[in-house]
Structures are given as C-alpha cells and as structure tokens.
Amino acid sequence: MFEDIRREAENEINSAKDMKSLNDLRVKYLGKKGIVSQLMKKIKEIPPQERKEYGKSVNDLKSFVEKLLSERREQLEEEEKRKLYERLWVDITLPGARRKVGHNHPVMKVWREIEEIFVSMGYEVVEGPEIEDTWHNFDALNTPEWHPARDEHDSFYFSDKLLLRTHTSPVQIRTMLAKKPPLAIISPGKVYRRDYDATHLPVFHQCEGLYVDRNVSVTHLKFTLEEFARRIFGEGARVRLKPSFFPFTEPSFEVDVYLEGYGWLEILGAGMVDPEVFKSVGYDPEEWSGFAFGMGMDRIAMIKYGIKDIRELVRNDLRFLRNY
Ligand code: DAH
C-alpha cells in the first residue's frame, strides 16, 4: 500500500506544472485532512504489535513526500528564473542607436583656420561689439560724413549714432585705444550691410588685421598676406597688390590671390594705416607705422570649397552642408 502511494506521489509531484499545483499536492498529501494525516489516524485500527512498524512507515512516507515537494519546488524556481532571464536577455553585441555627429559650418572652419594661422604668427585674437557707434565705425577711421558707406541705404541704423557695424575695422580703433603699441591683432566677426544677392549677404563675416610697430612697410604687409594665402589655399597660392582706396589706409590695396584653375581672385582689402587714424586714437604718426587688412571670410570659404552661391551658406540645407 505504501509503495503505491509513494509511486503515485512521485508521479504527481514530479509532473506538477507550477507552484500552484505543487501547493495543491502539498495539501493533498500533508494537509490536515491529507493522505498522510488519514494514515496516521488509522493507527488505532492497527494491531498493537504492528503499530510501531506502521507508524515508522507513515513517517517515512511523510519525509519522502516532503523531500519530493522541496526538490520539485527548487526545480520550478530554477525554471521560473530561467524564463525570467530569457525575457530580460539583452544582446550586447547588437550595434547601438547611432547619433549623427555634426561638424563645423564651412565659414566657421575658415574662421578657425584663419585664427590658427595668425596666432601662429604671433597675433592676438580680439573681439568687438556688433552694435557700433558712428565714431568707431566711421569717423575714427577717417571716413567723413559724405562717404557713401555712411548712407542709410547701405547700413542698418538704430539711431543717428548707433548702427550694426558695417565692417570689422572699428575693432582697430577699440584695440589702439585700449593698448599701447607695438601690437598685432586679428578680429573675426559678423558684419552687416543692406545687400542680398548671389555674392552678398546682409550678414556676413570679416576678419580684420592690424599690425602696429616702428618702421613697418608694405613689404611686411605683403609677406604676411603671402604667408597667409599659402597656409589657407596651399603652397601654390600667389598674391598681388593692386592700388586702391580706403579712407583708413594710405596707400591702400586690393589684394588678389592666384589659384590654379581659378586665376586671380580678390580676397581682401589692405593698406598702411593712415596717419589720420593714428591721430584719432592718440598715437604719434611720426613714431608709429602699421598695416591693416580686412578679409571676407564667407568669400574665402566659397573659394576654398568651390561654393558658387553665397546664399547656400545660410540656407541650412543639410544636403549642402554635409559636403563640407
Ligand atoms: N573695412 C573694409 C571693408 O569692409 C576692408 C578693409 C580694407 C579693412 C582695407 C582694412 C583695410 O583694414 O586696411 O571693405
């Protein structure tokens, strides 16, 4: 009889599907009214001389069932854990969600490159305000009232005396007022004019340069610009100066670079600082001399990267920008 119960218990417990059915089986065998308890109660009906033997068999059965239950419970727990881990499993070899990394805008690249080139030649990078007064933007730069650059139609005025700077040249004035010569600075930044077509934007970027020392001559200017051209456009770049006019330089030049496949391209204006400019900042023009230049960085970016329409630079079209 015990043998049958054992076999039955073994079968049932080992094939219990989950904790719930296992618990039901515990009640069935070991509960208050369970099989083991029933057998215990029957001990009264057993002849006294066999009771000891009988009691031992029931107790053995009880521990047998307990052992079966706890073994099966462990198995079921293991299985549950395995299923959980299967559900939570992550394939760490899968490639992650990739974020596209951007890069500098072509004008910003040229900006940084210009800074690097001039810093390596000992120049300091300085900034000036984009909202300027007419004195710094024009008067101190020897640009009189009648000059067309001062015309309302060419500039953005806030009032009679305040405007968005039309060039970076006022930073020359601010620098000379703040420092004693000798000095060498560049000043890259945004400038504003009322222009808009394939070669002009109302907001564009210039980089001013100013070198002041004793006995500065046009040869210093030319060498500096040649060195700059070679560094930014490559070794083959040549430079030529053409006579020109700017109110704040005398003599003044338009500066062209020669690039293989392009010919001569105008990239900047330059000249020897006009004595009137030195006077307006309190430098003695008998003692001090210098050169200045101003370049359009958008234009340099266009030449360097072969961009035809300047307006592409501000369209923010990624299909365009990704090429640079
Ligand atoms: N400020 C001039 C412009 O916007 C550019 C320029 C020309 C700057 C000659 C200079 C210079 O410093 O010497 O057209």
Side-chain angles (χ1 to χ4, degrees), residues 105 107-119 121-144 147 149-152 154-195 200-213 216 221 224-225 228 246-249 252 255 267-274 276-283 288 290-301 314:
H105 186 280
V107 173
M108 208 58 216
K109 281 190 178 171
V110 161
W111 179 322
R112 294 274 178 260
E113 227 177 297
I114 292 171
E115 284 184 352
E116 259 168 51
I117 294 169
F118 281 101
V119 165
M121 291 197 264
Y123 283 68
E124 190 186 337
V125 180
V126 301
E127 273 180 50
E130 288 173 25
I131 297 174
E132 260 303 359
D133 56 67
T134 46
W135 188 78
H136 287 91
N137 198 82
F138 298 124
D139 300 278
L141 288 160
N142 195 33
T143 307
H147 197 279
R150 298 186 68 141
D151 199 310
E152 260 190 68
D154 293 322
S155 320
F156 295 102
Y157 281 89
F158 295 101
S159 67
D160 277 0
K161 298 236 168 305
L162 227 48
L163 76 163
L164 288 172
R165 65 180 180 187
T166 58
H167 52 178
T168 43
S169 302
V171 187
Q172 286 187 29
I173 303 301
R174 291 184 175 276
T175 304
M176 289 191 282
L177 288 173
K179 286 176 200 276
K180 287 204 173 85
L183 54 87
I185 59 111
I186 57 161
S187 186
K190 287 194 176 71
V191 298
Y192 304 82
R193 285 183 207 171
R194 291 201 183 190
D195 275 327
H200 298 87
L201 292 174
V203 185
F204 59 106
H205 302 83
Q206 282 191 338
C207 183
E208 193 74 13
L210 175 68
Y211 181 78
V212 180
D213 204 342
V216 180
L221 169 62
T224 305
L225 295 176
F228 166 71
F246 297 103
F248 32 90
T249 44
S252 301
V255 181
I267 58 156
L268 55 89
M272 305 308 292
V273 179
D274 194 293
E276 289 304 314
V277 174
F278 281 143
K279 280 187 213 160
S280 69
V281 295
Y283 283 14
W288 300 106
F291 63 73
F293 54 86
M295 60 180 88
M297 297 199 285
D298 310 77
R299 187 154 168 70
I300 290 174
V314 290

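In plain terms, the two heavy atoms of Ser187 and Gly128 that are nearest each other are OG-N, 4.2 Å. Nearest approach of Pro188 to Val126, heavy atoms of both residues: CD-O, 4.0 Å. Taking every heavy atom of both residues into account, Gly271 and Leu221 meet most closely at N-CD2, 4.0 Å. Nearest heavy-atom pair across Thr249 and Ala270 is OG1-O, 4.0 Å. Considering all non-hydrogen atoms of both residues, Asp274 and Glu276 come closest at OD1-N, 2.8 Å. The minimum heavy-atom distance linking Glu208 with Gly294 is given by the pair OE1-CA, 4.0 Å.
In this structure, Glu124 and Lys179 have side chains that are in contact, with non-hydrogen atoms separated by less than 4.5 Å. Looking only at side-chain heavy atoms (C-beta outward), Met295 and Ile114 come within less than 4.5 Å of each other. At least one side-chain heavy atom of Arg193 sits under 4.5 Å from a side-chain heavy atom of Phe204. The shortest distance between side-chain heavy atoms of Met176 and Phe278 falls below 4.5 Å. Taking 4.5 Å as the limit, some side-chain heavy atom of Pro170 sits within range of a side-chain heavy atom of Leu141. Between Val255 and Phe293, the closest side-chain pair of non-hydrogen atoms is not below 4.5 Å. Residues Val277 and Ile173 meet the side-chain proximity criterion, which asks for heavy atoms closer than 4.5 Å. Residues His136 and Leu177 form a side-chain contact, since some pair of their non-hydrogen atoms from C-beta on lies under 4.5 Å apart.
We find the CZ-CE distance between Phe228 and Met121 to be 8.0 Å, quoted to the nearest 0.5 Å. Separating the NE2 atom in His205 from the CD1 atom in Ile300 is a distance of 12.5 Å, to the nearest 0.5 Å. Taken to the nearest 0.5 Å, the CG atom of Leu163 stands 8.0 Å off from the CZ atom of Phe158. Interatomic distance, Ile131 CD1 to Leu164 CG, rounded to the nearest 0.5 Å: 6.0 Å. Interatomic distance, CZ of Arg165 versus OG of Ser155, reported as 14.0 Å (0.5 Å rounding).
Open room surrounds CG on Asp160; 12 or fewer heavy atoms of other groups in view lie less than 6.0 Å from it.
Using the six-membered ring where Trp is involved, His167 and Phe138 have ring planes that are tilted, between 30° and 60° apart. Taking the six-membered ring where tryptophan is involved, the planes of Tyr283 and Trp288 are tilted, since the angle between them lies from 30° to 60°. A tilted orientation is assigned to the rings of Tyr211 and Tyr123, their planes being inclined by 30° to 60°.
A donor-acceptor contact under 3.5 angstrom links the side chains of Glu130 and Tyr192, judged on distance only.
The side chain to side chain contact (heavy atoms under 4.5 Å, CB included) test with Thr168 singles out one residue from Leu210, Val191, Ile186, and that residue is Val191. None of Thr143, Thr166, Asp139, Asn137 except one satisfies the side-chain hydrogen bond (donor to acceptor under 3.5 Å, both in side chains) rule with Arg150; the exception is Asp139.
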Quiz item: Under the side chain to side chain contact (heavy atoms under 4.5 Å, CB included) criterion, do Val216 and Val273 qualify, and how do the steps go?
Solution: CA-CA 10 Å; Val216 180; Val273 179; over 6 Å; no

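Looking at Asp298 and Lys190, no side-chain N of the basic residue comes within less than 4.0 Å of a carboxylate O on the acidic one, giving no salt bridge.
Residues passing the salt bridge (Lys or Arg N to Asp or Glu O under 4.0 Å) test with Asp133, sequence neighbours excluded: Arg174.
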